[in-house]
Amino acid sequence: MAEIQTRRLRLRQWQLGDADPFAAMVADPEVMRYFPATLTRPQSDALLAKLHQRIDATGYGFWATERRDTGEFIGFVGLNVPDHPLPFAPCVEIGWRLVRSAWGQGLASEAARAALRFGFDTLKLGEVVSFTSQHNLRSQAVMQRIGMRRDPGGDFLHPKLASDHWLAPHVLYRLTATDWQRGFDCGDGQ
């Protein structure tokens, strides 16, 4: 896979040196607030290996994301084919998870736009979706900033959670290649 660069960021394949900062990120209760639990080190290492393997197999995935100026690992951003049954599957989702020190700087939006460009221009996807807990307003704001539109009819209970779990209600956002191109032509897709 070719690495993707933005003005401030580099999206790349995972490296051995990412294991410690990744484990710290997924053990942070605030970063993992809208997930069922933080991850232990063995769980973190297993997830990192899975993310690496997916990129090796397909050429894309949730890429390790670092600052270009310092090389500091700040999380992951990218495209993924979910491995659990969703009511709108098959699909390709866009997602992100960043360390707290990277929040509030527009970095998730910047990296997500680059991932969308790759998805629509290189992979020739017709649509990309994104979903999160209905409580996760920060992620929903990123979805809106990158041009995605909420599909209230697609909201769902996450199949990996009990239906009465507070995180189970999820919202669905969509972006078609046509809408992406419209936004890009107007300068919003950059």
Side-chain angles (χ1 to χ4, degrees), residues 4 6 8-9 11 25-26 30-36 47 51 54-55 58 60-65 74-100 102-163 165-190:
I4 298 172
T6 69
R8 298 181 290 173
L9 302 171
L11 285 64
M25 180 181 77
V26 296
E30 192 59 27
V31 169
M32 300 297 285
R33 179 183 213 173
Y34 299 107
F35 293 89
L47 177 56
L51 297 174
R54 283 198 176 181
I55 294 170
T58 64
Y60 69 93
F62 288 139
W63 293 291
T65 303
I74 64 162
F76 67 76
V77 179
L79 303 168
N80 178 58
V81 175
D83 57 5
H84 43 277
L86 294 169
F88 43 87
C91 62
V92 175
E93 67 168 314
I94 186 167
W96 45 84
R97 195 173 310 167
L98 301 182
V99 297
R100 273 193 278 169
W103 292 3
Q105 301 169 48
L107 298 173
S109 298
E110 181 177 325
R113 284 185 191 102
L116 286 171
R117 187 175 313 108
F118 181 87
F120 291 128
D121 293 351
T122 303
L123 299 178
K124 305 298 184 197
L125 298 174
E127 179 182 65
V128 175
V129 301
S130 194
F131 49 89
T132 190
S133 163
Q134 70 180 7
H135 305 290
N136 190 345
L137 301 180
R138 292 178 71 102
S139 270
Q140 290 181 58
V142 172
M143 294 171 196
Q144 293 163 13
R145 278 194 298 276
I146 63 175
M148 302 191 92
R149 293 197 177 115
R150 175 125 183 245
D151 175 5
D155 292 353
F156 65 103
L157 296 175
H158 200 288
K160 287 190 169 184
L161 299 170
S163 62
H165 192 285
W166 77 278
L167 289 173
H170 270 56
V171 294
L172 176 67
Y173 281 74
R174 298 178 181 271
L175 181 62
T176 65
T178 302
D179 286 343
W180 164 260
Q181 192 59 47
R182 275 193 206 116
F184 188 78
D185 290 342
C186 297
D188 298 333
Q190 189 67 336

Exercise. So, for Phe120 and Leu125, which heavy atoms are closest and what is the spacing to 0.1 Å?
Worked result: CD2-O, 3.2 Å
Problem set entry | Trp63 and Phe118 aromatic ring geometry - parallel, tilted or perpendicular at 30°/60° bounds | perpendicular
Exercise. Hey, mind stepping through Arg113 and Arg145 against side-chain contact (heavy atoms from CB on, under 4.5 Å) and telling me if it holds?
Worked result: CA-CA 9 Å; Arg113 284 185 191 102; Arg145 278 194 298 276; 4.2 Å; yes
Exercise. Can you tell me if Ser133 and Trp166 form a side-chain donor-acceptor pair at under 3.5 Å?
Worked result: no
Exercise. In terms of ring plane angle, is the pair His170 and Phe131 parallel, tilted or perpendicular, where the classes change at 30° and 60°?
Worked result: tilted
Exercise. Is the backbone of Arg100 close enough, under 3.5 Å, to the side chain of Glu30 for a donor and an acceptor to pair up by distance?
Worked result: no
For this session: Step through it carefully: locate the ring centre of His158, locate the ring centre of His165, and say whether they are under 6.0 Å apart.
Result: no
Exercise. Does Gln140 reach the main-chain N or O of Gln134 with its side chain, forming a donor-acceptor pair under 3.5 Å?
Worked result: yes
Seminar exercise, completed: Residues Pro87 and Phe156: closest non-hydrogen pair is CG-CB, 3.7 Å
For this session: For side-chain contact (heavy atoms from CB on, under 4.5 Å), just list the numbers for Leu98 and Leu107, CA-CA rounded to whole Å, side-chain angles, deciding distance to a tenth of an Å, and then say yes or no.
Result: CA-CA 9 Å; Leu98 301 182; Leu107 298 173; 4.3 Å; yes
Problem set entry | Point-to-point distance, once rounded to the nearest 0.5 Å, from CG of Asp151 to CG of Leu175 | 12.5 Å
Problem set entry | Interatomic distance, Leu116 atom CG to Leu123 atom CG [nearest 0.5 angstrom] | 11.0 Å
For this session: Identify the two heavy atoms, one from Thr6 and one from Ala114, that lie closest to each other, and give their separation to 0.1 Å.
Result: CG2-CB, 3.5 Å
Problem set entry | Pi-cation contact, Tyr34 with Arg138 (under 6.0 Å, within 45°) | no
For this session: Any chance you could lay out the side-chain contact (heavy atoms from CB on, under 4.5 Å) test for Ile74 and Gln105, step after step, and finish with the verdict?
Result: CA-CA 12 Å; Ile74 64 162; Gln105 301 169 48; over 6 Å; no
Problem set entry | Between OG1 on residue Thr65 and CZ on residue Arg8, distance to nearest 0.5 Å | 12.5 Å
Exercise. For the residue pair Val171 and Tyr173, what are the closest heavy atoms and their distance?
Worked result: CG2-CE1, 3.9 Å
Exercise. Should Trp96 and Ile146 count as side-chain neighbours, where that means a heavy-atom distance under 4.5 Å?
Worked result: yes
For this session: Starting at OG of Ser130, measure out to CZ of Arg149 and round the result to the nearest 0.5 Å.
Result: 15.5 Å
Problem set entry | Student check: side-chain heavy atoms of Leu86 and Glu93 closer than 4.5 Å | no
For this session: Would you give the length of the straight line joining atom CZ of Arg54 to atom CG of Leu79, rounded to the nearest 0.5 angstrom?
Result: 12.0 Å
Problem set entry | Residue pair Phe76 / Met25, side-chain heavy-atom distance below 4.5 Å | yes
For this session: Search all heavy atoms of Ala168 against all heavy atoms of Ala162 and return the closest pair with its distance.
Result: CB-O, 3.4 Å
Exercise. Between Leu157 and Pro169, is any pair of side-chain heavy atoms under 4.5 Å apart?
Worked result: yes
Seminar exercise, completed: Nearest heavy-atom approach of Val128 to Met148 is O-CE, 3.3 Å
Exercise. Under a 4.5 Å cut-off applied to non-hydrogen side-chain atoms, are Thr58 and Val81 in contact?
Worked result: no
Problem set entry | Met32/Arg97 under side-chain contact (heavy atoms from CB on, under 4.5 Å): CA gap, chis, key distance, verdict | CA-CA 9 Å; Met32 300 297 285; Arg97 195 173 310 167; 3.6 Å; yes
